[in-house]
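Notes for the one structure printed next.
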Protein chains: 2
Amino acid sequence: MANISDIARMAGVSVSTVSRVLNNHKYVSEEKRAAVQKIMNEMNYTPNKNAVDLIRGETKMIGVIIPYNNNQAFDQMLHGVLNKSVERDYSITVLPTKYNKAKEIEYLAMLKNKLLDGIIITSRSNNWEKIIPYTNYGSVVSCEYTDHPDIGCSYIDRYASYLDVFQYIKSKGHVNVAFTTARGIESISTQQTIGAYKEIFGEINSGYHISHCYSMDDGYDAGQKLLSLRERPTAIYANGDEVAGGIYQYARSIDYEIPKDVAIIGQENQPIGIGLGLSSIDHQLIKVGEQAFDLAVNKSKQKMKIPYHIIHRLSI
Amino acid sequence: MANISDIARMAGVSVSTVSRVLNNHKYVSEEKRAAVQKIMNEMNYTPNKNAVDLIRGETKMIGVIIPYNNNQAFDQMLHGVLNKSVERDYSITVLPTKYNKAKEIEYLAMLKNKLLDGIIITSRSNNWEKIIPYTNYGSVVSCEYTDHPDIGCSYIDRYASYLDVFQYIKSKGHVNVAFTTARGIESISTQQTIGAYKEIFGEINSGYHISHCYSMDDGYDAGQKLLSLRERPTAIYANGDEVAGGIYQYARSIDYEIPKDVAIIGQENQPIGIGLGLSSIDHQLIKVGEQAFDLAVNKSKQKMKIPYHIIHRLSI
DNA sequence: CTGAAAGCGCTAACAG
DNA sequence: CTGTTAGCGCTTTCAG
């Protein structure tokens with residue numbers, strides 16, 4: 001495979017001249033430019049981007065840290081990032097952590113290794129203290145709010161959103177309200193959900209919070225548990241429309257009417273929610289991803305709040 | 001940021017020695033190794049992977065070409081790839097083409113540029129002739145069958161699957177059968193659908209094939225068109241469960257019973273299909289992705305067929 | 001066991 | 001407008 005000096009030799013010019021035509025510099029005579037161009041075509045030459053990156057110290061590559069690669073919410077953010085990356089001619093590499101701290105740090109090190117220009121963290125497992133040092137090597141933007149000045153944020157005000165939903169559920173006359181979350185209390189999002197719940201409804205009835213719900217199947221199981229409780233909830237807030245869909249399935253399987261016997265509201269406005277007519281709260285995760293990409297590329301440390309919307313359908 | 005020679009100087013050894021401890025070579029005295037290790041820790045040093053890649057000519061990075069970044073089918077394959085990549089310690093970069101030929105070639109050039117060790121093509125827009133030359137620079141594996149010896153394949157026998165489904169629909173007594181596809185006849189998949197259809201049912205009634213269906217909304221529109229036909233189809237085969245879901249929605253909106261008034265069958269066994277009780281044909285796209293990853297990493301040019309399954313629910 | 005030196009392929013002053 | 005030259009940060013012979 002030919003390299004720049006082969007081309008230079010064959011075109012009868014110096015490597016700098018070849019480099020100049022490669023980078024569209026002015027001050028190259030038309031003849032030489034043409035000659036070089038011709039040889040490059042003949043040899044089917046392409047510059048070794050690795051060498052270019054090495055010297056430039058920049059890769060036009062952004063990494064996206066996602067905990068799971070099979071979660072609708074993270075997928076949506078990833079899609080947002082991807083949307084923008086195409087426009088701006090960046091490449092995106094996906095970095096799945098499964099919430100493994102060491103893995104996460106390993107990915108962050110790619111910044112230091114000069115493999116990535118920036119990293120977008122959709123969800124993290126390390127403390128910010130562990131992460132901050134890496135901001136010296138490239139931009140790191142978070143899809144969760146943090147007031148740290150070195151971190152750009154494209155986030156949704158989850159707490160406000162949870163508060164809103166619970167308020168909405170309450171306004172519909174519900175008192176016995178249950179909810180599901182993805183992770184346990186180690187997760188900030190779960191903590192916020194619990195906080196908001198308590199603010200609106202007070203203490204959480206035993207059995208009203210079911211964690212580790214990711215899929216429809218998990219939702220189904222959660223539905224079963226919840227609807228078997230002696231003091232059965234009249235409304236359930238699910239952490240995603242698929243989970244909500246599973247709950248719906250179970251409820252229907254025991255001939256409950258929605259929302260008469262049990263009200264259900266999900267999150268992220270996904271197809272299954274549309275199909276089943278489930279109310280949902282749309283956090284506009286695609287926009288979150290798009291904005292995150294912009295922040296990363298512009299090395300901006302701004303805090304951008306993305307608005308959420310409650311989608312009213314008939315399940316509550 | 002410290003580099004290898006800084007470390008060497010500070011540890012009082014040569015760069016080669018540092019390089020040796022970096023790469024776990026034997027024949028380094030314990031004292032020197034310890035000294036180097038110590039300085040590396042103090043300086044918080046990590047090697048510049050770009051420089052390493054440059055000299056090694058290998059990146060441990062695989063690219064995945066997908067046409068759209070918001071299509072469930074391609075997402076599933078991507079997830080399969082991601083699953084395996086974590087295990088094998090590879091990074092995955094996502095390359096969205098929107099079926100733009102030039103973009104696709106640009107991505108293939110990354111192989112030549114030494115940015116990628118291999119590329120997985122989930123769907124292509126260029127002819128194989130345009131693609132083959134790039135197999136000289138890294139492994140390229142396809143998620144569509146091709147007999148070209150230089151291309152590894154992890155594929156589903158789409159034609160057989162379409163034949164099977166249409167046969168199944170026919171066995172249920174349907175004669176007026178419509179279907180939807182994503183792309184128009186420029187797409188191989190569409191061509192195969194049409195071919196299989198004709199083999200089972202003969203000519204296609206005018207209006208029975210609706211293309212450019214990607215989302216639920218598209219499905220809804222397709223349902224509307226199809227069910228307004230004078231000779232209305234009694235069964236519809238949708239190219240995905242979300243599209244099927246849209247059709248279902250429309251059918252229900254005009255009070256049709258499924259499958260009594262119209263039978264519906266989708267593809268890929270997605271949540272919405274489960275939620276709506278739609279029969280589906282599961283092409284096991286995640287497995288396709290996993291297998292594709294293995295082929296790419298092993299630089300294998302094998303042809304691996306992944307089996308599909310019909311999921312029987314009550315919509316047909 | 002260790003170090004010097006020659007690159008990997010390319011860019012960017014610098015001096016014409 | 002063009003060529004020379006010195007690196008970018010690392011690996012790998014080749015001699016000790």
Side-chain angles (χ1 to χ4, degrees), chain A residues 1-37 39-40 43-61 109-117 136-138, chain B residues 1-37 39-40 43-61 109-117 136-138:
Chain A
M1 217 179 124
N3 63 28
I4 197 173
S5 58
D6 294 333
I7 303 295
R9 192 166 19 75
M10 299 175 81
V13 300
S14 73
V15 291
S16 357
T17 299
V18 178
S19 174
R20 284 189 190 101
V21 348
L22 238 26
N23 297 286
N24 289 313
H25 275 264
K26 40 204 171 190
Y27 308 140
V28 183
S29 69
E30 258 327 305
E31 309 109 75
K32 300 227 175 193
R33 186 184 297 274
V36 170
Q37 213 75 267
I39 301 290
M40 293 204 303
M43 297 306 296
N44 188 20
Y45 167 81
T46 0
N48 181 326
K49 193 157 178 309
N50 234 314
V52 179
D53 289 348
L54 171 60
I55 198 165
R56 283 216 225 277
E58 181 191 90
T59 56
K60 287 260 203 176
M61 191 110 129
M110 291 174 80
L111 234 38
K112 205 168 149 188
N113 291 341
K114 295 292 183 188
L115 273 184
L116 258 26
D117 288 354
N136 291 313
Y137 311 112
Chain B
M1 216 179 126
N3 64 27
I4 197 172
S5 57
D6 293 334
I7 302 295
R9 191 167 20 76
M10 299 175 82
V13 300
S14 71
V15 290
S16 353
T17 298
V18 177
S19 174
R20 285 189 188 100
V21 348
L22 238 26
N23 297 286
N24 288 312
H25 275 264
K26 40 204 171 188
Y27 306 140
V28 183
S29 67
E30 259 326 306
E31 309 108 75
K32 300 225 174 190
R33 185 184 299 274
V36 170
Q37 214 73 271
I39 301 291
M40 295 203 302
M43 298 305 297
N44 189 18
Y45 166 82
T46 1
N48 180 327
K49 193 158 179 308
N50 233 314
V52 180
D53 288 347
L54 170 61
I55 198 164
R56 281 215 228 278
E58 183 192 88
T59 57
K60 286 260 202 178
M61 191 110 129
M110 291 174 81
L111 233 37
K112 206 167 148 186
N113 291 342
K114 296 291 183 190
L115 273 185
L116 258 25
D117 289 354
N136 291 313
Y137 310 111

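Throughout, protein chains are lettered first and strands after them, A, B, ... in sequence-line order, and every chain is numbered starting at 1.
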Just the rounded figure in Å: distance from [atom2] of [N] to [atom1] of [X].
X: His25(A); N: dC10(C); atom1: NE2; atom2: P; answer: 15 Å
X: Leu115(B); N: dC10(C); atom1: CG; atom2: C1'; answer: 13 Å
X: Ile4(B); N: dA5(C); atom1: CD1; atom2: C1'; answer: 14 Å
X: Lys49(B); N: dT11(D); atom1: NZ; atom2: P; answer: 11 Å
X: Ile7(A); N: dC10(C); atom1: CD1; atom2: P; answer: 9 Å
X: Met43(A); N: dG9(C); atom1: CE; atom2: C1'; answer: 15 Å
X: Leu54(B); N: dG7(C); atom1: CG; atom2: C1'; answer: 10 Å
X: Tyr27(A); N: dG3(D); atom1: OH; atom2: C1'; answer: 17 Å

How close do [X] and [Y] get, counting heavy atoms only, and between which atoms?
X: Asp53(B); Y: Glu58(B); result: OD1-O, 2.9 Å
X: Asp117(A); Y: Thr59(A); result: OD1-N, 2.8 Å
X: Asn44(B); Y: Tyr137(A); result: ND2-OH, 3.9 Å
X: Pro47(B); Y: Asn113(A); result: O-OD1, 3.0 Å
X: Lys114(A); Y: Gly57(A); result: NZ-O, 4.2 Å
X: Ser14(A); Y: Ala8(A); result: C-CB, 3.7 Å

Students often get this wrong, so: under 4.0 angstrom with heavy atoms, is [X] touching a base, only sugar-phosphate, or nothing?
X: Ser19(B); answer: base
X: Val13(A); answer: sugar-phosphate
X: Lys114(A); answer: nothing
X: Asn50(B); answer: nothing

Ignoring hydrogens and angles, tell me if any N or O in the side chain of Asn48(B) forms a donor-acceptor pair with the backbone of Asn50(B) under 3.5 Å.
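Yes; at least one donor-acceptor contact below 3.5 Å.
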Residue [X], side-chain atoms from C-beta onward, closest of [options]:
X: Ile55(A); options: dC8(D), dC8(C), dT2(C); value: dC8(D)
X: Asn3(A); options: dC10(D), dT2(C), dC10(C); value: dC10(C)
X: Leu22(B); options: dG3(C), dT11(D), dG9(C); value: dT11(D)
X: Pro47(A); options: dC10(D), dT12(D), dC10(C); value: dC10(C)
X: Lys32(A); options: dT2(C), dT2(D), dT11(D); value: dT2(D)
X: Ser14(A); options: dT4(D), dT11(D), dC8(C); value: dT4(D)

For dC10(D) and Tyr45(B) - does any side-chain N or O of the residue sit under 4.0 Å from the phosphate oxygens OP1/OP2?
yes
Hey, is the side chain of Ser5(A) poking within less than 4.0 Å of OP1 or OP2 on dG9(C), counting only N and O atoms?
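Checking Ser5(A) against dG9(C): no side-chain N or O falls below 4.0 Å of OP1 or OP2.
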Which residue lies more 5' along DNA chain C, comparing Thr46(A) with Val15(B) via nearest heavy atoms:
Val15(B)
Which distance, rounded to the nearest 0.5 Å, do you find between the CE of Met61(B) and the CE of Met61(A)?
2.5 Å
Report yes if the side chains of Met40(B) and Val21(B) come closer than 4.5 Å at any heavy-atom pair, otherwise no.
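Counting from C-beta outward, Met40(B) and Val21(B) do come under 4.5 Å.
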So what is the end-to-end bend of the helix from dC1(C)-dG16(D) to dG16(C)-dC1(D), with 5 pairs used at each end and the value given to 10 degrees?
40°
Do Ser16(A) side-chain and dT4(D) base share a donor-acceptor contact under 3.5 Å?
yes
Would you tabulate the pairs of protein nitrogen or oxygen atoms and nucleotide nitrogen or oxygen atoms of nucleotides 14-16 of chain C closer than 3.5 angstrom?
none

What I want to check is whether the side chains of Thr17(B) and Lys32(B) have a donor and an acceptor closer together than 3.5 Å.
no
Partners meeting salt bridge (charged side-chain N to carboxylate O under 4.0 Å, His left out) with Glu31(A) (sequence neighbours left out):
none
Most 5' of Glu31(A) and Ala2(B) on DNA chain D, judged by nearest nucleotide
Glu31(A)
